[in-house]
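Heads up: the structure comes next, in structure tokens.
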Amino acid sequence: MLIVICGVAGCGKTTVSRELAKRLDFEFADADDYHSEENKNLMRNGISLTDKERLPWLISLHKVLLNWYSNKQSGILACSALKQKYRHLLNSNLIYKLSDSDKENLNPPYNLNILFICLNVDKETIAERLAKRKDHDIVKDTSFLNSQFETLELPSKSDCLWTGSSYGKYKDNYLSIEKSYSNNTFYYIYVLRAFKDMTVNDVVLNILDFLPKFDNFKII
Ligand SMILES: Nc1ncnc2c1ncn2[C@@H]1O[C@H](COP(=O)(O)OP(=O)(O)OP(=O)(O)O)[C@@H](O)[C@H]1O
Ligand SMILES: O=C(O)[C@H](O)[C@@H](O)[C@H](O)[C@H](O)CO
């Protein structure tokens with residue numbers, strides 16, 4: 001099983017992914033480790049990346065996922081994946097965008113059947129957490145945050161396959177499906193409302209509670 005924990009900077013992707021990977025005994029990777037120095041420097045200066053700047057990074061992350069898939073390993077990647085087209089690219093390499101040498105190294109399947117889990121946290125909560133987080137290599141303050149929220153594309157709740165609480169009192173969660181018509185693939189996206197008062201353990205328990213429910217939806 002391949003899971004990508006996504007969402008804006010500071011929503012808790014890395015912390016939640018690490019803990020979840022530990023409990024499930026899955027592989028773990030942090031997308032921040034795959035940024036070029038140029039991209040890191042832009043972000044260190046509070047400058048948001050463009051699609052063009054994100055493309056090589058997303059291709060390298062697709063390769064991480066493809067490698068797990070090919071080796072029949074389960075893995076969790078912490079990666080913002082803010083736009084629908086980035087999620088398409090992670091799930092299914094857009095083969096026509098790759099260089100010839102990359103094409104030679106990539107074989108089918110072109111659909112990795114990823115479960116994206118988007119941590120949906122409000123901006124004020126994230127701003128408070130980022131102000132306290134001092135040791136991050138890239139995000140030094142909250143200057144980045146508005147553009148992250150402007151870029152974030154979530155599936156609409158009205159298109160959801162399932163909605164409800166998967167843990168405790170929280171009821172705002174939903175599962176949706178996103179289709180890529182350009183290459184005829186699809187994947188699932190679970191939007192998890194991580195309220196301010198939810199601890200990392202609460203978020204992880206919510207996901208662990210949801211995963212068996214997700215199995216009922218898998219039509220792949
Ligand atoms: N549920 C939570 N409750 C309280 N603090 C949290 C929670 N989740 C994460 N944090 C804290 O919020 C900060 C941001 O979390 P984290 O670094 O995991 O986010 P991220 O999405 O990986 O960020 P980035 O994209 O910038 O790398 C960290 O200091 C982390 O300890
Ligand atoms: O897509 C993006 O804009 C970037 O991935 C950011 O989300 C950074 O990776 C992260 O915020 C830094 O930790």
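We're numbering straight along the sequence, starting at 1.
- Using a distance-only test at 3.5 Å, with no hydrogens or angles considered, a donor-acceptor pair links the side chain of Asn111 to the main chain of Asn113.
- In this structure, OG on Ser92 lies 10.5 Å from CG on Leu66, to the nearest 0.5 angstrom.
- Ion pairing between a basic and an acidic side chain is recognised when a charged N comes within 4.0 Å of a carboxylate O; Lys196 and Glu124 show no such pairing.
- Leu154 approaches Cys118 most closely through the heavy-atom pair CD2-SG, 3.4 Å.
- Put simply, CG on Asn41 and OG on Ser36 are 8.5 Å apart, with the number rounded to the nearest 0.5 Å.
- Closest non-hydrogen pair, Ser17 versus Lys13, comes out as OG-O, 2.6 Å.
- Panel note: side chain Arg44, backbone Val139; no donor-acceptor pair is recorded below 3.5 Å.
- To the nearest 0.5 Å, atom CG of residue Asp137 and atom NE2 of residue His35 are 10.0 Å apart.
- Once rounded to the nearest 0.5 Å, the distance linking CG of Leu58 with OH of Tyr34 reads 13.5 Å.
- Under the 3.5 Å distance criterion, with hydrogens and angles disregarded, a donor-acceptor pair is assigned to the side chains of Thr125 and Asp122.
- Gln84 and Glu153 share no side-chain donor-acceptor pair at under 3.5 Å.
- Asn120 contributes no side-chain N or O that, together with a main-chain N or O of Leu192, makes up a donor-acceptor pair within less than 3.5 Å.
- In this structure, Ser156 contributes its side chain and Ser158 its backbone to a donor-acceptor pair below 3.5 Å.
- Asp202 places a side-chain N or O within 3.5 Å of a backbone atom of Thr199 that can act as its donor or acceptor partner.
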Run Phe116 and Tyr187 through ring-ring contact (aromatic ring centres under 6.0 Å, His included) and show every step you take. CA-CA 8 Å; Phe116 288 84; Tyr187 53 83; 4.9 Å; yes
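- Here CD of Glu37 is found 5.0 Å from NZ of Lys40. Values are rounded to the nearest 0.5 Å.
- With a 4.5 Å cut-off on side-chain heavy atoms, Ile5 and Ile3 count as touching.
- The shortest non-hydrogen separation linking Ala81 to Arg87 is O-NH1, 3.0 Å.
- With hydrogens and angles ignored, the 3.5 Å screen pairs no side-chain donor or acceptor of Asn173 with any backbone N or O of Ser165.
- Between Lys132 and Glu128 there is no salt bridge, since no side-chain N of the basic residue sits under 4.0 Å from a carboxylate O of the acidic one.
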Yes or no on side-chain contact (heavy atoms from CB on, under 4.5 Å) for Met1 and Leu24, after CA distance, side-chain angles and deciding distance? CA-CA 11 Å; Met1 175 177 220; Leu24 291 170; over 6 Å; no
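- At a cut-off of 3.5 Å, with distance as the only test, a side-chain donor of Thr50 or Glu53 sits close to an acceptor on the other residue.
- Expressed to the nearest 0.5 Å, how far CG of Leu77 lies from CZ of Phe26 amounts to 13.5 Å.
- No side-chain heavy atom of Leu2 sits less than 4.5 Å from a side-chain heavy atom of Ile76.
- Phe28 and Leu61 sit in two unconnected hydrophobic clusters of ILVMFWY residues. Membership requires side-chain heavy atoms under 4.5 Å apart, directly or through other members.
- Put simply, the side chain of Ser176 never gets that close to the backbone of Cys160: no donor and acceptor are under 3.5 Å apart.
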Tyr86 vs Trp57, test: side-chain contact (heavy atoms from CB on, under 4.5 Å). Steps then yes/no. CA-CA 10 Å; Tyr86 303 161; Trp57 172 68; 5.8 Å; no
Evaluate the ring-ring contact (aromatic ring centres under 6.0 Å, His included) criterion for residues Phe214 and Tyr190: first the C-alpha distance (whole Å), next the side-chain angles of each, then the deciding distance (0.1 Å), finally the verdict. CA-CA 9 Å; Phe214 172 65; Tyr190 176 48; 8.7 Å; no
